2 protein chains.
Amino acid sequence: MEPSDCENCAIRSVALFGEIDPETVARLQDQAQEFREPAGTVLYEEGGNADAAFTLREGIIKLVRNQPGGREQIVRLLVTGDFFGAEGLFGDGHHHSAVALTPVFLCRLPNPLLEQLRTADPTFTNALLNRWRRALNEVETLALDLGARKAEERVASFLLHWQTKHGPQAEWLPLPLSRSELGDLLGLRVETVSRVMARWKREGVFEERGGHLRLLDADELHQLVDHSGA
Amino acid sequence: MEPSDCENCAIRSVALFGEIDPETVARLQDQAQEFREPAGTVLYEEGGNADAAFTLREGIIKLVRNQPGGREQIVRLLVTGDFFGAEGLFGDGHHHSAVALTPVFLCRLPNPLLEQLRTADPTFTNALLNRWRRALNEVETLALDLGARKAEERVASFLLHWQTKHGPQAEWLPLPLSRSELGDLLGLRVETVSRVMARWKREGVFEERGGHLRLLDADELHQLVDHSGA
DNA sequence: CGAGGTTTTGAGCGAATTCAATTCCGGTGG
DNA sequence: CCACCGGAATTGAATTCGCTCAAAACCTCG
């Protein structure tokens, strides 16, 4: 666990500190620690004490809510630049568990640091606010998918969102989710996800190789998602 | 549309300004306007320009996302004290439509006012942050319901949440949602919601009179929700 | 090459939807 | 006060979508 060099962070422009006064960053950056974890690591557990937040510099993380019945629901997927786990700012425990889906490279920002940033630079809270707003928007979109769309449409919706999230120029998208995890995200069972995706692969809607996939017929998917009524 | 008397607002303790410097409130309150609308009023539409946010002082509002296919998804229900519609703070349009389910009493807070508050009092942004965090938490809970629970469990979950939201001491809860709207919230069809609730009424799980309901056997519902696996 | 997990495929089942009446209820006008 | 209207709620029957259970095909990596 090393102190971070936030000033020269490769993802600073996209990350939280991108919007913050450089001087403040310089003064406080040694309180942030950077570290790596392998895929599968549980960063924190739902309900656990939230004594630090994180910035994801590399890799993909799932935020998960668990249900007694053994089912779990992925509530959000995080990619490079995303900020998460700050529930502790309000004395709350974590609302969900965070699990690395790939090897990850993280910055850990302990609560005291966040507090200092909050008082030192008003724009920091704004940046936080903006993150929270975007997160809310994403979860609402997920709720729409889960509540108002059927299996096929949900998978299509996910693929398109995932594409967007990685920039439309990216040809091959990483897909570090198993079919089972896609099910946990979309409220479907493994078999259902598999059936839909297997068919689309046969029909040439997308192709898949080594944990990455490439959309070949995005139109087909778009049609399913927005034109679903007819 | 009258200027508000925020200092003496009946719900100030629970509302946004409860956490804010009284002096600032006094100075800026005349920029806020209070007004009433009948049930059914659309406060704003999804995608519309967000030039003001609102505090709900009385009544109940649904936030809705629409789907081309004619289905709609309620993403959140607002009650007295809730704050909403502030997407404009970041130059965004509204992410959802807001519709009054009952006659409502509102405060309208134009963007310039919000901006002033943001700079005048750092705790204001904190208050906002806290609201956004709670909203996120609620929508995540909804996503869990939609993705990981079946019909009966979702209805049970809703009734309990609704009870909680109105304070456990409240005997008779207002329920200004039609069965159809409950369906829009829970990702179910009218008939499914109706079947479940009609049976529970027969079995004495709750009773219903004039748009209000009272839980008689909350344990039964709790069992369905958390013990769902077995 | 073999082992273990993941994906795919098949067949049957069940939960929720769809389609179609019927009943209930609040409000209106006679 | 009561009959009647229209929308909402309820109930029933048939259908369908997604789930469950079960087995086979596929990788991936020791």
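Predicted model only: the values in this text are computed from it and were never measured. First the proteins, then the strands, lettered A, B, ... as listed; each starts at 1.
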Below 30° counts as parallel, above 60° as perpendicular, anything between as tilted: where do the rings of Phe158(B) and Trp162(B) land?
parallel
Restricting to side-chain contact (heavy atoms from CB on, under 4.5 Å), what partner residues turn up for Glu138(A), sequence neighbours left out?
Arg76(A), Lys165(A)
Could you tell me the boundaries of the chain A footprint on DNA chain C, defined by atoms under 4.0 Å from its heavy atoms?
dT7(C) to dA11(C)
Relative to the ring of Trp132(B), is the ring of Phe90(B) parallel (under 30°), tilted (30 to 60°) or perpendicular (over 60°)?
perpendicular
Where along nucleotides 9-18 of chain D does protein come under 4.0 Å, by heavy atom, of base (B) or sugar-phosphate alone (S), with - for untouched nucleotides?
SBBBB----S
Is the number of heavy atoms from other residues, nucleotides or ligands within 6.0 Å of NZ (Lys150(A)) greater than 12?
no
When you check the gap from the basic side-chain N to the acidic O, do Glu72(A) and Arg65(A) get nearer than 4.0 Å?
no
Is the NZ or CZ atom of Arg131(A) positioned over Phe83(A)'s six-membered ring, under 6.0 angstrom from the centre and within 45° of the axis?
no
With a 4.0 Å cut-off, would you call Arg134(A) and Glu140(A) a salt bridge?
no
